[in-house]
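One structure is given below, encoded as structure tokens.
For ligands, and for the atoms within them, numbers begin at 1 and follow the listed sequence.
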Amino acid sequence: MAEQYDVVVIGAGPAGYHAAIRAAQLGMKVACVDAALGKDGKPALGGTCLRVGCIPSKALLDSSRQYWNMGHLFGDHGITFKDAKIDVGTMIGRKDKIVKQFTGGIALLFKANKVTPYYGFATLHGNRLVKVKLHDNSGHDGGEIELTGTNVIIAAGSDSIELPFAKFDGDTIVDNVGALDFSEVPARLAVIGAGVIGLELGSVWKRLGAEVTILEALPDFLPAADAEVAKTALKEFRKQGLDIKLGAKVSRTEVVGKGKKKEVVVTYSDKDGEQSFAVDKLLVAVGRKAASKGLLADDSGVKLTERGQVEVDAHCHTGVDGVWAIGDCVRGPMLAHKGFEEGIAVAELIAGLPGHVNFDTIPWVIYTEPEIAWVGKTEQQLKAEGVPYKTGSFPFAAVGRAVAMGEPAGFVKVIAHAETDRVLGLHLVGVGVSELVHEGVLAMEFKGSADDLARICHAHPTLSEAIHDAAMAVEKRAIHKAN
Ligand code: NAD
């Protein structure tokens, strides 16, 4: 006899745990199933984001930034030191402790909200029947359990895309999971893909002393970002010594040697023809795909798109009565916070409330140094769409707080509609912009204008003044630069 719930959520990542907790808050009886295991082999909630994504990468980005600043920023402040050493084990241990704190935190939140967790692999069958193959160490001694939900929310997440000529071996050729756990700083690291993961994890190991080469197949750097932001970021990354090769298509990799002498020979072609080089580790970061393997039984009725994503409408409904899907396994950007919002919206829709996600105001952040962040449309997009617009920019080099911090790189750009002045986009590259971007999100959500941003009092001295002056620059009235 199947256990009956109001809602069964498949996946306890950012999308799934938000959906489960919100549904429980709204008075529903909720179960949430997750198959993932932590580094210690025990069930771990929180999905890619908490276990092997957002949180651990931010921990290592912060550790590596401290080390990098010692060598590159402290001298200007008159601080010198001798014999700085990196203990990679301690650094990884710190990261693992943070991960455990947060994955354990989800279990506590489930308990507090009376969400029942099941630790095992779930497959959705017809009539919203979910069969779960339980882990042996899940507290259920293995075996299978059946759950039925009046509603089922699929939040199965995503997996790294593997290249046929660079198969992950968990040692020399790795994905984001492996690159978060190197036991020492690789002398030479190659990265395939100058996307978000490649840039963030490439930065971590570069700052710790690795020689890092990033091979990007596309001729343009970060084409989804504003072109000027991407150009500035590329210049800064190259200044830091990241060797970013654009238009570089990898065709072969070969692991050679044994033990300490093991290396990967990477062969790629670019405008100069075919070239090869050897590295100690290779990170493949060429995107992620929906985790749909084994998820849907033939009788589930749920369809997959051509790209293998669970097919949904604008409200995350699959078209099968009572079955919804959210997060990385459906269309839209693979961002934890997009999953958060979809999870909350679907729980509210199930409860008969007006749940909604505004895809036009989802912020993007790349946690490199300088950080990159944006919300809304880029100039390229507006040009292509024929929308008349005006812009105002302001450099951090003219922002007192940024200069005092020794972080003058980058700028802020406000894009507004040429006629209505409504904010259409905010694009930032520089220190702390992961936090600043939300001013743009707020302005866009409230249908604000560049003039609104220009007339809001910003504390001095803060980094946010860059937004204030950029907004004023839209009408050529920035105070701290020649317009
Ligand atoms: P991505 O899509 O951001 O970047 C992949 C890059 O690899 C692209 O630039 C692509 O052109 C390039 N590429 C693809 N095939 C290639 C090949 N054969 N040779 C060379 N280059 C190739 O993907 P990602 O960096 O793997 O990240 C995966 C997902 O995780 C993304 O959707 C991203 O948004 C998400 N993520 C987000 C954050 C964040 O928000 N800060 C952090 C990490 C991951």
Handout entry: All side chain to side chain donor-acceptor pair (under 3.5 Å) counterparts of T462, not counting sequence neighbours
Key = S464
Fill in the blank from the handout: The single option from M70, Q66, H72, R65 that satisfies side-chain contact (heavy atoms from CB on, under 4.5 Å) with W68 is H72
Problem - Pair K206 + E369: basic N to acidic O under 4.0 Å - result: no
Problem - Parallel, tilted or perpendicular, as decided by the 30° and 60° cut-offs, for the rings of F182 and W205 - result: tilted
Handout entry: Electrostatic pair D243-K245, nearest N-O below 4.0 angstrom
Key = yes
Exercise for the section: Could you list the atoms of ligand 1 found under 4.0 angstrom from a heavy atom of L335? Expected result: 34 (O), 40 (O)
Practice task
Tell me, please: is Y268 in heavy-atom contact with ligand 1, that is, under 4.0 Å?
Solution key: no
Exercise for the section: Note the single closest protein heavy atom to atom 21 (N) of ligand 1, along with its residue, its atom name and the distance in Å. Expected result: A217 N, 3.1 Å
Exercise for the section: Please round to the nearest 0.5 Å and tell me the distance separating atom NZ of K413 and atom OG1 of T391. Expected result: 6.0 Å
Practice task
Go through the steps for V474 and L453 under the test side-chain contact (heavy atoms from CB on, under 4.5 Å), then give the verdict.
Solution key: CA-CA 10 Å; V474 171; L453 288 178; over 6 Å; no
Handout entry: Distance filter under 4.0 Å to Y367 heavy atoms, resulting ligand 1 atoms
Key = 41 (N)
Practice task
Using a strict cut-off of 4.0 Å, indicate which atoms of ligand 1 neighbour a heavy atom of R288.
Solution key: 28 (C), 29 (C), 30 (O)
Practice task
Have a look at M334, K245, E200 and point out the one with the heavy atom closest to atom 31 (C) of ligand 1.
Solution key: M334
Handout entry: Closest protein heavy atom to atom 44 (C) of ligand 1, given as residue, atom name and distance to 0.1 Å
Key = I197 CG1, 3.4 Å
Problem - Proximal candidate to atom 37 (C) of ligand 1 [heavy atom criterion; set N176, V191, V196] - result: V196
Handout entry: Check against side-chain hydrogen bond (donor to acceptor under 3.5 Å, both in side chains), E439 and H458
Key = CA-CA 11 Å; E439 189 167 341; H458 290 69; 2.5 Å; yes
Handout entry: For atom 5 (C) of ligand 1, closest protein heavy-atom neighbour
Key = A285 O, 3.4 Å
Exercise for the section: Kindly check if the number of other-residue, nucleotide or ligand heavy atoms within 6.0 Å of CD (E211) is above 12? Expected result: no
Problem - For atom 41 (N) of ligand 1, the option (of V286, D175, V365) bearing the nearest heavy atom - result: V365
Exercise for the section: Tell me, yes or no, whether the heavy-atom count around K231 atom NZ, taken from other residues, nucleotides or ligands under 6.0 Å, exceeds 12. Expected result: no
Completion exercise
closest protein heavy atom to atom 26 (O) of ligand 1 is G287 N, 2.9 Å
Exercise for the section: Flag the pair D159 and K293 as a salt bridge only when some basic side-chain nitrogen lies within less than 4.0 angstrom of an acidic carboxylate oxygen. Expected result: no
Handout entry: Ligand-residue contact atoms, ligand 1 with L218, heavy atoms, under 4.0 Å
Key = 11 (O)
Completion exercise
Numbered in order shown, the ligand 1 atoms found under 4.0 Å of a heavy atom of L215 are 20 (C), 21 (N)
Exercise for the section: Considering heavy atoms of the protein only, find what lies nearest to atom 4 (O) of ligand 1 and give residue, atom and distance to 0.1 Å. Expected result: G195 CA, 3.2 Å
Completion exercise
W364 heavy atoms within 4.0 Å reach ligand 1 at atoms 34 (O)
Practice task
Please report which non-hydrogen protein atom sits nearest to atom 9 (O) of ligand 1, along with the residue it belongs to and the distance in Å to one decimal place.
Solution key: E216 OE1, 2.7 Å
Handout entry: Atoms of ligand 1, numbered as shown, that sit under 4.0 Å from any heavy atom of G193
Key = 6 (C), 7 (O), 12 (C), 21 (N)
Fill in the blank from the handout: I192 heavy atoms within 4.0 Å reach ligand 1 at atoms 17 (C), 19 (N), 20 (C)
